[in-house]
Amino acid sequence: MSDKIEDLKRYIEAARSRYYQLVLLVGPAATGKTLALLQLSNEAGYSYINLNLILSQKLLEYPGRVRPLRLPRIVEAIIDTAGDTVLLDNIEILFEPALQQDPLRLLQHISRTRIIVAAWSGKFEGRTLIYAEPGHPEYRKYSEVDALVCQI
């Protein structure tokens, strides 16, 4: 695991000079993404955020029809107080079809002003980033991803 932490630290340094300061920690479920982010948080002092937990609580304050409109600002407010490097875990809520979001574009947007390291449960094959399986309501497939991808 310490090799993966060192890899992540190198990716974070490389992200500092990019337009989108986004690092995606990509791997299937139960491969150690959370453990890696928690260890990195402890070692480097970066803020760790369980996005599903906090965002779901904040979204309850709004009626369902306005949640898609409010979500980007709510996510920004959540990370605004977290420092210049933020570790986001459990981002699955961003893929909820009812919220009508493009998760990668949202992560890119918030990574303009700070480094975001996000755990992405899925695959990176060639130059294609995948979330879920074809036919699944949350399925997403991105080609030519403008982010640094660290596979676990």
Discussion item. For a 4.5 angstrom cut-off between non-hydrogen side-chain atoms, does Thr128 reach Tyr142?
Written reply: no

Worksheet entry | Gln21 versus Arg18, closest heavy-atom pair with distance | CG-O, 3.4 Å

Worksheet item: For Glu133, does the CD atom sit with more than 12 other heavy atoms under 6.0 Å from it, leaving out its own atoms?
Response: no

Item to complete: Tell me, with the steps shown, if Leu37 and Thr34 meet side-chain contact (heavy atoms from CB on, under 4.5 Å).
Response: CA-CA 5 Å; Leu37 292 180; Thr34 295; 5.8 Å; no

Item to complete: Under the side chain to side chain donor-acceptor pair (under 3.5 Å) rule, collect the residues that match up with Gln101, sequence neighbours excluded.
Response: none

Response to the item:
For Ala119 and Asp89 the tightest heavy-atom approach is CB-OD1, 3.4 Å

Worksheet item: Is Leu53 reachable from Ile93 through a run of I, L, V, M, F, W or Y residues, each pair having side-chain heavy atoms under 4.5 Å apart?
Response: no

Worksheet item: Would you call Leu55 and Leu94 a side-chain contact if the rule is heavy atoms closer than 4.5 Å?
Response: yes

Worksheet item: Taking C-beta and beyond as the side chain, do Ile54 and Ile74 meet within less than 4.5 Å on heavy atoms?
Response: no

Fill in: Side chain to side chain, Lys4 and Ile152, heavy atoms closer than 4.5 Å
yes

Worksheet item: Are the side chains of Ile91 and Leu107 in touch, meaning some heavy atoms are under 4.5 Å apart?
Response: yes

Worksheet entry | Any side-chain heavy-atom pair of Leu59 and Leu71 under 4.5 Å | yes

Item to complete: Answer yes or no: is there a side-chain heavy-atom contact under 4.5 Å between Leu40 and Lys9?
Response: yes

Worksheet entry | Residues Glu76 and Arg73 bridged, charged N to O under 4.0 Å | no

Worksheet item: Would you say the side-chain atoms of Arg112 pair up with the backbone N or O of Tyr20, donor to acceptor, closer than 3.5 Å?
Response: no

Discussion item. Test of understanding: with side-chain contact (heavy atoms from CB on, under 4.5 Å), list the residues that count as partners of Ser47, not counting sequence neighbours.
Written reply: Ala82

Worksheet item: Looking at side-chain heavy atoms only, is the closest gap between Ile110 and Leu88 below 4.5 Å?
Response: yes

Practice prompt. Please report the C-alpha distance between Arg16 and Glu13 in whole Å, then the side-chain angles of each, then the deciding distance to 0.1 Å, and finally whether the salt bridge (charged side-chain N to carboxylate O under 4.0 Å, His left out) criterion is met.
Written response: CA-CA 5 Å; Arg16 291 188 194 286; Glu13 284 309 310; 3.1 Å; yes

Fill in: Shortest non-hydrogen contact from Tyr46 toward Thr85
CD2-CB, 3.4 Å

Worksheet item: Which pair of heavy atoms, one from Leu99 and one from Arg67, lies closest together, and at what distance?
Response: CD2-CB, 3.8 Å

Response to the item:
Taken in chain and number order and not counting sequence neighbours, the residues that satisfy side-chain contact (heavy atoms from CB on, under 4.5 Å) with Glu92 are Asn52, Asn90, Ser121, Tyr131

Worksheet entry | Stepwise side-chain contact (heavy atoms from CB on, under 4.5 Å) test for Ile5 and Glu43 | CA-CA 9 Å; Ile5 302 304; Glu43 283 184 19; 3.5 Å; yes

Practice prompt. Evaluate side chain to side chain donor-acceptor pair (under 3.5 Å) for Gln108 paired with Arg105, printing each intermediate quantity in order.
Written response: CA-CA 5 Å; Gln108 286 174 324; Arg105 302 297 169 246; 3.0 Å; yes

Discussion item. Can you list everything that forms a side-chain contact (heavy atoms from CB on, under 4.5 Å) with Ala14? Sequence neighbours excluded, please.
Written reply: Leu148

Response to the item:
Glu138 meets the salt bridge (Lys or Arg N to Asp or Glu O under 4.0 Å) criterion, sequence neighbours left out, with none

Discussion item. On a heavy-atom basis, which atom in Ala36 and which in Leu25 lie closest, and how many Å separate them?
Written reply: CB-CD2, 4.2 Å

Worksheet entry | Pairing residues for Pro134 by the side-chain contact (heavy atoms from CB on, under 4.5 Å) criterion, not counting sequence neighbours | Tyr139

Worksheet, complete the sentence: On a heavy-atom basis, the closest approach of Asp80 and Arg114 is OD1-NH2, 2.8 Å

